[in-house]
Amino acid sequence: MLLHKFLDRVEFDSYEDFKQNYKLNIPENFNFGYDVVDAWAEYDKDKVALVWCDDHDNEKIFTFDDIKRLSGKAANFFKSLGINKGDKVLFLMRQRYEYWFLATALHKIGAILIPASLQLTAKDIKYRVNAAGVKAIVAVNEPYITEQVELAEENTPSLEHKIAVVGTREGWISLDEKLDSFSEDFPRPTGKDATHNDEIFITYFTSGTSGWPKMVAHNHTYPLGHIVTAKYWQKVIDNKLHMTASDSGWAKFGWGKIYGQWVSGAGIFAYDADKFVPHNMLEKLIKYKPATFCAPPTIFRFLIHEDLTKYDLSFITHCCTAGEPLNPEVYNKWLSLTGLRMCEGFGQSESTVLLANFDGFEPNPGSMGKPSPLYNIDIIDEDGNSCDVGEEGELVVRDIDKYMPAGLVCEYLNDPEVTKEKLGGKFYHTGDIAWRDSKGYYWFVGRTDDVIKCSGYRIGPFEVESALMEHPSVLECAITAAPDPDRGQVVKATIVLTKDYEPSDALVRELQDHVKHATAPYKYPRIVEFVKELPKTTSGKIRRVEIRENDSKK
């Protein structure tokens, strides 16, 4: 029902038809809380919005009418604290069900939501509060995170309120104690309090794979940009459940657990796990049977090492992945074990899905797919010229000086220099190196900083990682450049082994020979290091920069 309000056409005959004729109609002063959540509640008050569970046999089911009522109460609660349009509120919420109606409340007010990971330290929290000018923190009431917030409080002049979700804590406002006393009626703001499409809606801090995280700001059209993400890549189904494996502190949560899915009429299945255990996730999938499933490659790497013959996953009609490049070996094993073709997608905190394996062409294992109709995607050389087929260059969004797509970052908050550098010309620069083949598929090479230059060769880490992932001993790996006095840089592999293998010199030689036969011999890792785990950001991405920095100190 709602999709027809925002799209001229919902169904397409081919990928080419989709790419050429997809047209997004953005209402004036669009507000996600009213134009999606409340609109669904008015259309069908029993329509399921959220099915939530955790590891302790707790379960909650919410309709859109429930979210409408609870977000109204929460909006009045926030307003009572002086939180108004444009104020910034930091969430440290895991996957607590309160996230969905509290976020909707802030969207109705026009306050700016800043999701953050529960793994942040006091130093991380203080940086975010001061960098953004955060007025309130909403945090799940767990000892580690509340203690980190309290340690971060000193010298944070903008911070006025700490709100505890679940129970009470001294010095914090208890959501449980306060919420029910407020009216569920929160009329749409008008006049100066009304939201406008070009105003800031949500801000993500980048993963921080290098340097301090930047503040990626999106405006109120951001949820509509995610229609392509949800409807056409994740292929969510009206009145069916969708699961994306992501905690609420990641931009992936916005990609897969609220915006495009709710616009498209799907319900969200949320599993608030204490920690990721493959068996537990599979059990929850079987119990709640989401029709569509999305997870980062890291999760699929662990799932395929379970005995999937014990699990009937036939209720899943479509699965996809993003977050890091998908190694073909993982794709092929998942396909052989489940019969499901995994559809890779690519994007950033700064965007909705930029490229993906959509309907109308076969997924090509390891490829990012083809461009979303929202974006004019290109690969350019250092002079800004389009690269030829097969030539590596930077992936960019073209013509942003003429048309700014819904869902693309509108600014880097409080950082005009980076905003000008990334958005000030004809291109949005992703900072990712890729190439395009003769059939129009795009292939990831690596971040600009990750490309290795060895004896005159340019080596992208992804191809070497994919070759290593084919070997049964490799659970996870990261390819980086290590300094070398003769070659400048050499290829280094940092490897986490599967449970059946132990580190040895013989295994090093076996892995090196394997890479020599799987790809060009000059790409083999001259250095191999075995580790228990890889350094990762709080969003689960491998921190190759940390490996490089540690190597430079040796």
Side-chain angles (χ1 to χ4, degrees), residues 31-33 71 74-93 96 98-118 120 122-140 145-146 148-150 152-165 172-173 175 186 189 192-208 212-223 248-251 253-254 258-259 349-350 409-416 418-419 538:
N31 184 293
F32 177 78
S71 64
N76 282 309
F77 163 65
F78 284 131
K79 290 288 285 185
S80 76
L81 300 177
I83 294 170
N84 298 306
K85 174 182 165 181
D87 287 334
K88 291 142 184 128
V89 181
L90 184 76
F91 274 21
L92 294 155
M93 290 281 286
R96 284 293 308 180
E98 293 90 346
Y99 181 102
W100 280 266
F101 66 77
L102 292 176
T104 302
L106 292 181
H107 298 333
K108 287 181 172 181
I109 293 169
I112 298 169
L113 171 60
I114 304 177
S117 167
L118 212 70
L120 297 182
K123 179 181 177 182
D124 299 323
I125 294 167
K126 176 171 283 191
Y127 169 75
R128 283 158 174 76
V129 169
N130 287 331
V134 168
K135 191 170 186 177
I137 291 177
V138 182
V140 64
I145 195 61
T146 50
Q148 295 305 307
V149 171
E150 289 163 0
E153 256 189 294
E154 188 177 0
N155 298 320
T156 52
S158 66
L159 184 61
E160 297 180 8
H161 305 291
K162 305 189 303 294
I163 301 162
V165 174
W172 290 66
I173 300 166
L175 183 72
F186 190 78
K192 64 180 179 60
D193 294 325
T195 59
H196 301 286
N197 288 348
D198 59 355
E199 293 171 338
I200 305 301
F201 168 82
I202 194 168
T203 297
Y204 298 117
F205 278 83
T206 57
S207 297
W212 279 103
K214 297 178 177 62
M215 293 181 284
V216 175
H218 289 280
N219 64 29
H220 281 269
T221 68
Y222 177 69
S248 62
W250 308 359
F253 190 95
I258 182 167
Y259 300 120
S349 300
E350 286 92 339
V409 56
C410 56
E411 66 175 283
Y412 291 84
L413 210 61
N414 300 336
D415 200 335
V418 172
T419 299
T538 55

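In this text, all values refer to a predicted model and were calculated from it rather than measured experimentally.
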What one should report as the nearest heavy-atom pair of Tyr204 and Ala251 is CE2-CA, 3.6 Å
Taken to the nearest 0.5 Å, the spacing of Leu413 CG from Thr203 OG1 works out to 5.0 Å
Restricting to non-hydrogen atoms, name the atom on Phe32 and the atom on Pro223 that form the minimum distance, rounded to 0.1 Å. CD1-CB, 3.7 Å
Could you state the interatomic distance from SG (Cys410) to CD1 (Ile200), rounded to the nearest 0.5 Å? 3.5 Å
What's the separation between atom CD1 in Ile125 and atom OG in Ser117, rounded to the nearest 0.5 Å? 9.5 Å
Does some side-chain heavy atom of Arg96 sit less than 4.5 Å from a side-chain heavy atom of Ser248? no
So His107 and Tyr259, would you call those rings parallel, tilted or perpendicular, with 30° and 60° as cut-offs? tilted
Are the side chains of Arg128 and Val134 in touch, meaning some heavy atoms are under 4.5 Å apart? no
Derivation and outcome, side-chain contact (heavy atoms from CB on, under 4.5 Å), residues Val216 and Tyr412: CA-CA 5 Å; Val216 175; Tyr412 291 84; 3.9 Å; yes
Do side-chain atoms of Thr104 reach the backbone of Gly33 as a donor and acceptor pair under 3.5 angstrom? no
Quick one: does Asp87's side chain get under 4.5 Å of Phe78's, heavy atoms only? no
Apply side-chain contact (heavy atoms from CB on, under 4.5 Å) to residues Leu120 and Gln148 and explain how you reach the verdict. CA-CA 8 Å; Leu120 297 182; Gln148 295 305 307; over 6 Å; no
Separation between CD1 (Ile112) and NZ (Lys88), nearest 0.5 Å, reads 5.0 Å
Heavy-atom check, side chain of Ile109 versus side chain of Phe186, under 4.5 Å: yes
Would a distance-only check, ignoring hydrogens and angles, find a side-chain to backbone donor-acceptor pair under 3.5 Å from Asn414 to Ala131? yes
Enter the distance from Ile137:CD1 to Leu90:CG here, rounded to the nearest 0.5 Å. 5.0 Å
Hey, is the main chain of Asn155 close enough, under 3.5 Å, to the side chain of Asn130 for a donor-acceptor pair? yes
Check whether any side-chain N or O of Lys135 sits under 3.5 Å from a backbone N or O of Glu160 as a donor-acceptor pair, and report yes or no. no
Ser158 side chain reached by Val129 side chain, heavy atoms, under 4.5 Å: yes
Check whether any side-chain heavy atom of Leu175 lies under 4.5 Å from a side-chain heavy atom of Leu102, and answer yes or no. yes
Just so I know, are the side chains of Leu106 and Phe91 near enough to count as touching, which here means a heavy-atom distance under 4.5 Å? yes
Report yes if some heavy atom in the side chain of Asn84 is under 4.5 Å from a heavy atom in the side chain of Lys79; otherwise report no. yes
So NZ of Lys162 and CG of Leu92: to nearest 0.5 Å the spacing works out to 13.0 Å
Taking His161 for its side chain and Ile173 for its backbone only, find out whether a donor-acceptor pair lies under 3.5 Å. no
Thr206 side-chain N/O to Lys214 backbone N/O, donor-acceptor pair under 3.5 Å: yes
